[in-house]
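Letters go in sequence order (proteins before strands), and every chain restarts at 1.
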2 protein chains.
Amino acid sequence: MKEGPDIAQIGALIGDPARANMLAALTGGRALTATELAGVGGITVQTASTHLAKLEAGGLLSQRKQGRHRYFTLADEAAARLIESMMGFAAGRGHLRHRPGPKEPVLRKARICYDHLAGDYGVRMLDSLISSGSIDAIGEGLALTEKGESDLKCIGFDVGALKSSRRPLCRSCLDWSERRAHLAGSLGKALLSSFLDKGWARRTAESRSIIFSPEGDRQFLRLFPLES
Amino acid sequence: MKEGPDIAQIGALIGDPARANMLAALTGGRALTATELAGVGGITVQTASTHLAKLEAGGLLSQRKQGRHRYFTLADEAAARLIESMMGFAAGRGHLRHRPGPKEPVLRKARICYDHLAGDYGVRMLDSLISSGSIDAIGEGLALTEKGESDLKCIGFDVGALKSSRRPLCRSCLDWSERRAHLAGSLGKALLSSFLDKGWARRTAESRSIIFSPEGDRQFLRLFPLES
DNA sequence: TTCATACTTCGATCGTAACCGAAGCATCGC
DNA sequence: GCGATGCTTCGGTTACGATCGAAGTATGAA
């Protein structure tokens with residue numbers, strides 16, 4: 001009867017709407033303060049504080065004290081993947097919090113998933129990298145090819161430093177809006193960072209959405225063309 | 001605030017201990033009746049009935065009426081993967097329902113994960129297939145090689161029929177006890193079936209564990225040797 | 001038909017946990 | 001030092017949902 005890991009604990013942690021909202025907000029990758037998280041959860045700071053303590057005890061969050069603020073982030077990539085995979089499952093079953101509304105399209109187009117690009121653009125980027133032979137795909141596994149490495153170098157993107165990290169270079173992550181895979185892993189993170197650095201895109205204040213500038217949009221679409 | 005899929009719903013579904021126990025039991029792949037599930041959940045049939053109705057409404061379970069019995073199974077592979085991934089996460093965080101006890105070793109050695117082999121033997125099998133060149137692994141992706149296909153044919157195992165199915169042939173599944181990948185997908189299912197058919201192993205009555213016969217054990221270890 | 005089994009629905013109880021007000025710490029700026 | 005801000009802890013209320021007894025429905029057996 002009592003064997004194996006206790007999924008009820010984390011289930012219950014995620015099962016509270018306020019906590020779920022906070023976790024979803026943290027999927028945006030940004031570190032948020034307790035007060036901000038209380039906002040997204042729709043609750044007072046006191047309540048949020050107890051929720052956050054529970055989430056941290058459960059290994060889903062980690063916090064960093066900075067001055068009189070406390071910044072919370074998802075504990076690690078595993079936690080982020082768990083949340084994302086639940087989102088994927090929920091989306092597939094039609095468990096949406098509301099009908100697809102007017103504000104959703106921007107989120108579907110491009111958003112942050114923990115630390116990499118997701119949404120339509122995220123999926124497009126991976127598709128393009130695969131069809132150009134830069135990335136090999138086997139099932140859910142992804143691997144950067146030599147061609148991919150040199151192609152990236154051509155656009156001023158050095159992969160070498162990434163390869164030494166312990167984190168996998170390429171990883172596929174199921175996109176809940178597109179229901180297809182996009183690129184995660186350290187390469188996914190680095191690519192998104194470079195878009196932001198170059199000013200092609202920017203993050204919005206309180207949301208997970210990513211806004212491409214007209215110029216950035218052009219560059220992105222040129223760099224990652226779709227197979228016709 | 002209210003954007004994206006509602007993970008709180010499924011979180012709450014899994015978050016109840018009785019429901020979690022039922023789901024974990026169904027990870028064994030066997031279809032169980034409402035009364036049996038009430039047993040593993042430690043609750044009365046009335047309570048179980050309402051729980052099962054909720055789980056079905058949430059898309060986690062499906063039921064099949066047969067005479068006066070109602071057989072419940074996990075809704076599909078996606079549901080099974082969700083449960084398994086939560087188990088993996090929980091195990092990684094030390095959320096165990098009790099200290100590793102005396103009965104656990106047999107479960108760690110070999111058990112069913114939805115419809116394929118998991119545990120020490122499951123991991124060993126995949127490792128062996130990879131090191132012998134039968135399966136290519138890229139990250140989390142797995143692919144059967146031509147050598148693998150012919151090797152399997154040599155031991156009287158025809159892959160042809162499996163390839164036509166819509167379900168992926170090879171899939172990796174994170175093992176919560178070993179914290180490593182084992183083989184899922186239609187090939188994983190077919191291999192386990194063949195072990196059972198040949199009498200190498202049998203399932204136990206009410207548990208997920210798989211017991212190998214002495215002869216089956218020998219054959220299995222011979223067929224899937226470990227890299228030294 | 002009648003009885004037994006498997007399961008669901010109803011109704012009522014009860015416990016837990018989410019919630020907030022108020023008070024208590026900690027940190028910053030002055 | 002002082003007040004202001006950010007967050008936590010405490011206490012008490014409240015509401016939701018898990019639970020079970022009892023009654024109701026369906027299927028099978030005799």
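For Arg19(A), there are no salt bridge (charged side-chain N to carboxylate O under 4.0 Å, His left out) partners two or more places apart in sequence or in a different chain. Residues satisfying the side chain to side chain donor-acceptor pair (under 3.5 Å) criterion with Arg171(B), sequence neighbours excluded, are Glu140(A). Take Ser209(A) and apply the side chain to side chain contact (heavy atoms under 4.5 Å, CB included) test, not counting sequence neighbours, and it matches Val106(A), Leu107(A), Thr204(A), Ser207(A). In this view, Glu178(A) satisfies the side chain to side chain donor-acceptor pair (under 3.5 Å) rule with no residue, not counting sequence neighbours. The side chain to side chain contact (heavy atoms under 4.5 Å, CB included) check on Ser62(B) picks up Thr73(B), with sequence neighbours excluded. Contacts of Asp158(B) classified as side chain to side chain donor-acceptor pair (under 3.5 Å), with partners at least two apart in sequence or in another chain: none. Every residue two or more places apart in sequence or in another chain that forms a side chain to side chain donor-acceptor pair (under 3.5 Å) with Asp115(B) is listed here: Arg167(B). Take Arg124(A) and apply the salt bridge (charged side-chain N to carboxylate O under 4.0 Å, His left out) test, not counting sequence neighbours, and it matches no residue.
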Please produce a list of atom pairs where a protein N or O lies less than 3.5 Å from an N or O of nucleotides 12-18 of chain C.
from    : atom 1 : to       : atom 2 : distance (Å)
dA18(C) : OP1    : Arg19(A) : NH2    : 3.0
dA18(C) : OP2    : Lys54(A) : NZ     : 2.6

Measure all distances between protein nitrogen or oxygen atoms and nitrogen or oxygen atoms of nucleotides 21-23 of chain C, and list the pairs falling under 3.5 Å.
from    : atom 1 : to       : atom 2 : distance (Å)
dG21(C) : N7     : Gln46(A) : NE2    : 2.5

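Ring planes of Phe195(A) and Phe224(A): perpendicular class, angle over 60° (limits at 30 and 60°).
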Could you give the side-chain donor-acceptor pairs of residues 84-93 of chain A under 3.5 Å, partners two or more places apart or in another chain?
from     : atom 1 : to       : atom 2 : distance (Å)
Ser85(A) : OG     : Arg81(A) : O      : 3.4
Ser85(A) : OG     : Leu82(A) : O      : 2.9
Arg93(A) : NH1    : Gly59(B) : O      : 2.3
Arg93(A) : NH2    : Asp76(B) : OD1    : 3.1
Arg93(A) : NH2    : Asp76(B) : OD2    : 2.6

Protein-to-nucleotide contact annotation, 5' to 3' order, nucleotides 25-30 of chain C [B base; S sugar-phosphate only; - none; under 4.0 Å, heavy atom]: --BB--

